[in-house]
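Take a look at the structure below.
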Amino acid sequence: MKETARPRQAARRRRKIRNTIILIVAILLLLAAGVFYLQQQVQENFATTDETSVLSAEVTVGSISTTVSGSGTLASEDTEDVTIPSGVEIDELYVEEGDSVEEGDLLATIDTSSVLSALSDVQDQLDELDEQLEEASEDEVSSTVTAGVSGRVKAIFAEAGDDVATVVYENGALVLLSLDGYMAVDIESSDYEVGDSVTVTTSDGDDYTGSVSAVTGTVVTILITDNGPEYGDTVTVDDAYTSVLYIHEPLKVTGYAGTVKKVKTSLNAKVSDTTTLLTLTDTSYSANYDQLLTQRAELEELYQTLVKLYMDGAVYAELSGTVDSVTDASDSSTASGYYTTTSTTVSTGDETTIVTIDPDETMSVSISVDETDILSLEVGQEATITIESIGDDTYSGTLTEIDNTATSSGGVTVYTATVTLDKTEEMLSGMTASVYITIEGTDNALLVPEDAVNQTSSTAYVYTSYDETTGELGDMVEVTTGLSNGSYIEITDGLSEGDTVYYFESSDDSTFDFSSMMGGDRGGSSDFSGMDSGGMSGGMSSGGDMGGGMSMPGN
């Protein structure tokens with residue numbers, strides 16, 4: 001029995017091995033057939049594409065420009081606020097947001113009792129200011145300017161009729177004095193030592209004997225008498241060095257109020273501490289007095305506004321337009337006073353805006369601009385605006401403002417640019433607008449489609465012939481390119497108007513659906529979109545360099 005079982009087991013093993021070999025061979029044959037079929041389909045697919053994907057274009061002459069673009073929302077420009085002094089109460093508002101108004105239309109009625117109360121408060125403020133003005137008028141500035149110390153007059157900046165404060169602001173002083181009797185000049189030299197005697201010649205040709213007072217490195221300081229030489233004169237030292245005279249120990253005589261009546265001194269005059277240099281007028285108008293006068297003028301203007309409100313009993317529109325916003329009437333009486341006073345100052349109170357009117361003339365839209373583009377923008381550049389909610393119409397605008405304050409988000413730095421455009425009836429605040437700002441452009445440019453130009457790191461070229469038999473592009477011509485707008489590119493050298501260029505139609509579809517070649521939809525399991533790196537799309541993009549773009553991967 002054992003001897004009989006052994007042959008049977010061996011036979012079963014042989015059959016099992018034979019069946020396994022047959023199965024492997026069948027699988028290999030199926031795989032080979034599948035690969036052959038795929039190759040045929042790819043070749044047919046690319047061959048068909050090659051017949052239809054070659055395009056031609058004629059070099060034309062036209063205009064081209066580059067733009068910076070962005071989107072934002074429309075906002076009204078040049079709106080006017082209609083205000084009343086805080087504390088004045090509104091009886092009734094007669095307009096709502098969106099209403100159209102004409103100049104002179106009634107906007108609101110006023111509670112006249114609140115206006116009377118305000119007038120009383122302002123009158124009290126005026127009375128108090130008058131008392132302060134009376135005190136300030138007695139605080140007069142001296143009508144003379146004296147030297148204060150002994151010295152020599154070397155510069156006089158003031159003339160009769162000059163405002164003292166203005167002279168000091170522009171020159172730093174009314175008069176310059178020399179205190180120690182010396183003028184000085186600095187030269188660059190290594191030929192002198194302290195105590196050396198030199199000759200200093202003025203621009204008028206007068207010679208003065210000077211002495212080296214200090215040597216600091218290569219800077220030599222030389223002193224000469226202050227009796228005669230002019231402050232700021234260009235002098236020559238030992239006929240070799242040129243420099244400018246300055247006062248060795250200067251004193252600035254200053255002032256802060258009044259008008260120069262007469263100059264009582266002269267250049268090079270020797271003066272004592274009590275010597276009168278200038279006489280002044282209008283000295284009673286001290287800085288404090290002038291400030292109080294300004295504040296009183298503001299109060300007087302407010303008083304007149306309140307009187308008009310009391311007489312009219314209402315507020316009227318001062319321009320025509322659309323009511324952009326309305327303030328709740330209950331918020332218009334938040335303050336009871338108008339001015340607060342101290343012993344020396346008066347400060348104005350707030351105003352309340354009750355209505356904002358849009359004159360319906362202009363609108364603006366602000367866009368974010370990347371840091372790489374912001375330096376190419378300038379106020380005054382033209383812009384084109386489209387508003388999708390209105391239609392396909394385009395509107396002209398102007399870049400009116402560039403905010404150089406940067407904001408950053410996610411590592412991206414942006415700036416804000418504002419474009420202004422004329423308003424139409426259809427435009428409403430808040431509508432989304434797309435903006436295209438023209439930053440560079442040229443007319444009479446030679447243009448070809450951008451897809452027709454092949455770019456490398458060092459050159460650009462086009463093809464000017466096409467062989468329909470072989471499917472190859474030929475006659476490669478090197479070109480120089482200029483502006484590009486994403487669709488067309490400027491050719492500045494290499495082509496002429498009327499030349500024809502050939503190129504392959506570009507495609508954004510980088511996927512290859514093998515399921516369509518395997519006999520139908522496989523439920524997504526056969527969509528090998530990731531096989532773009534296998535060489536198929538790369539072969540197509542190489543243009544004429546690869547025999548018309550039909551180079552097969554793996555061949």
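We use all heavy atoms of the structure for the numbers below, so side chains are in, but hydrogens, waters and symmetry mates are not.
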Backbone N/O of T274 and side chain of T146: donor-acceptor pair under 3.5 Å: no
Any donor-acceptor pair under 3.5 Å from T109 side chain to E92 backbone: yes
With distance as the sole criterion, is a donor-acceptor pair present between the side chains of T201 and D207 under 3.5 Å? yes
Looking at CG of L278 and NZ of K261, how far apart are the two atoms once the value is rounded to the nearest 0.5 Å? 13.0 Å
Please determine, by modelled atom types, if S86 and T352 share a side-chain donor-acceptor pair under 3.5 angstrom. yes
Could you tell me if D186 and Y246 have a donor-acceptor pair between their side chains, going purely by distance under 3.5 Å? yes
So does T400 get a backbone contact from the side chain of T418, meaning a donor-acceptor N/O pair under 3.5 Å? no
What pairs with E80 under side chain to side chain contact (heavy atoms under 4.5 Å, CB included), at least two apart in sequence or on another chain? L319
Output for pair (L309 CG, L116 CG), nearest 0.5 Å, gives 11.0 Å
Quick one, S190 with T218, criterion side-chain hydrogen bond (donor to acceptor under 3.5 Å, both in side chains). Give me CA distance, side-chain angles, the key distance, then yes/no. CA-CA 5 Å; S190 57; T218 59; over 6 Å; no
Taken to the nearest 0.5 Å, the spacing of Y94 OH from L106 CG works out to 6.0 Å
I need the single residue from D81, D324, T322 that forms a side-chain hydrogen bond (donor to acceptor under 3.5 Å, both in side chains) with T356. Which is it? D81
Any donor-acceptor pair under 3.5 Å from D238 side chain to A240 backbone: no
Exam field: side chain S376 to backbone D373, donor-acceptor pair closer than 3.5 Å: yes
Side chains of T225 and N227: any donor to acceptor distance under 3.5 Å? no
Using a 3.5 Å cut-off and no angle test, enumerate the donor-acceptor pairs between side-chain atoms of residues 156-176 and protein atoms at least two apart in sequence or in another chain.
{"unit_1": "D162", "atom_1": "OD2", "unit_2": "E159", "atom_2": "N", "d": "2.8"}
{"unit_1": "D163", "atom_1": "OD2", "unit_2": "A165", "atom_2": "N", "d": "3.4"}
{"unit_1": "D163", "atom_1": "OD2", "unit_2": "T166", "atom_2": "N", "d": "3.0"}
{"unit_1": "D163", "atom_1": "OD2", "unit_2": "T166", "atom_2": "OG1", "d": "2.9"}
{"unit_1": "N171", "atom_1": "ND2", "unit_2": "V167", "atom_2": "O", "d": "3.1"}

Stepwise side chain to side chain contact (heavy atoms under 4.5 Å, CB included) test for V412 and D370: CA-CA 8 Å; V412 178; D370 188 84; 3.8 Å; yes
Do the side chain of T456 and the main chain of T459 share a donor and acceptor less than 3.5 angstrom apart? yes
Whether the D282 and T259 side chains hold a donor-acceptor pair (N or O, under 3.5 Å, no angle test) is what I'd like checked. yes
Atom CD of E490: over 12 foreign heavy atoms under 6.0 Å: yes
Under 3.5 Å, is there a donor on one side chain and an acceptor on the other for S364 and E77? yes
Enter the distance from D360:CG to E425:CD here, rounded to the nearest 0.5 Å. 9.0 Å
Inspect the surroundings of CD in E300 and state if more than 12 heavy atoms from other residues, nucleotides or ligands are less than 6.0 Å away. yes
Just wondering, are more than 12 heavy atoms of other shown residues or ligands nearer than 6.0 Å to OH in Y488? no
I'd like to know if the side chain of S76 pairs up with that of S429 as donor and acceptor (distance under 3.5 Å, no hydrogens or angles considered). yes
Write down the atom of G430, the atom of T73, and the distance for their closest heavy-atom approach. O-CG2, 3.8 Å
Establish, from distance only, whether the side-chain atoms of D127 and Q123 form a donor-acceptor pair under 3.5 Å. yes
To the nearest 0.5 Å, atom OG1 of T236 lies from atom OH of Y241 at 12.5 Å
Which pair of heavy atoms, one from S197 and one from T209, lies closest together, and at what distance? OG-CG2, 3.6 Å
In this structure, NZ of K154 is separated from CG of L245 (nearest 0.5 Å) by 8.5 Å
Side chain of T327, backbone of T353: donor and acceptor closer than 3.5 Å? yes
Hydrogens and angles aside, do S272 and T275 bring a side-chain donor and acceptor to less than 3.5 Å of each other? yes
With distance as the sole criterion, is a donor-acceptor pair present between the side chains of S320 and E102 under 3.5 Å? yes
Backbone of S69 reached by a side-chain donor or acceptor of T67 within 3.5 Å: no
Taking atom NZ as the centre, does K252 end up with more than 12 heavy-atom neighbours from other residues, nucleotides or ligands that are less than 6.0 angstrom away? no
